[in-house]
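Computed from a predicted structure; not experimentally measured.
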Amino acid sequence: MKIILFIMLIFTLNGCASTGWVHQNSNNSKLSFDKGNCRAYANSKSPTYLCKNPFYCEPDEWAEVLTSISQNNATFDYCMYQKGYKPN
């Protein structure tokens, strides 16, 4: 069980890690605004699943939690790509 919690912690922290983004034309003047806009878009289109119990997840909830985090991150990345940014 401790290994599962550790893996979940790693995925969660990885999802919160900020990636450096650079605009294709090197104009990062709207970077902060665009990141906030894309984060809001990702949270509305692909919300992250929270376990029913705030202290632990049931075994059948783990897959849904991991899938929702991955989808949220993918939606955010797609939005940033659409705005002309690329990760550095």
- Give, for atom CD of Q71 and atom CG of L66, the distance between the pair rounded to the nearest 0.5 Å. 11.5 Å
- Item | Between SG on residue C38 and CZ on residue F76, distance to nearest 0.5 Å | 6.0 Å
- Any side-chain heavy atom of L31 within less than 4.5 Å of one from K83? no
Could you go through residues 43-54 and list every donor-acceptor pair under 3.5 Å that involves a side-chain atom there, pairing it with any protein atom two or more places apart or in another chain?
residue : atom : partner : partner atom : Å
N43     : OD1  : N72     : ND2          : 3.0
N43     : ND2  : R39     : O            : 3.3
S44     : OG   : A40     : O            : 3.4
S44     : OG   : Y41     : O            : 2.8
S46     : OG   : T75     : OG1          : 2.9
Y49     : OH   : E61     : OE2          : 2.9
N53     : OD1  : F55     : N            : 2.9

- Task: Identify the heavy atoms of N88 and W21 that sit nearest to each other, and give their distance.
- Result: OD1-N, 3.9 Å
- Task: Taking the side chain as every heavy atom from C-beta outward, state whether S68 and E64 have any atom pair closer than 4.5 Å.
- Result: no
- Message: Out of the candidates K35, Q24, K30, only one should pair with Y85 under the side chain to side chain contact (heavy atoms under 4.5 Å, CB included) rule; please name it.
- Response: K30
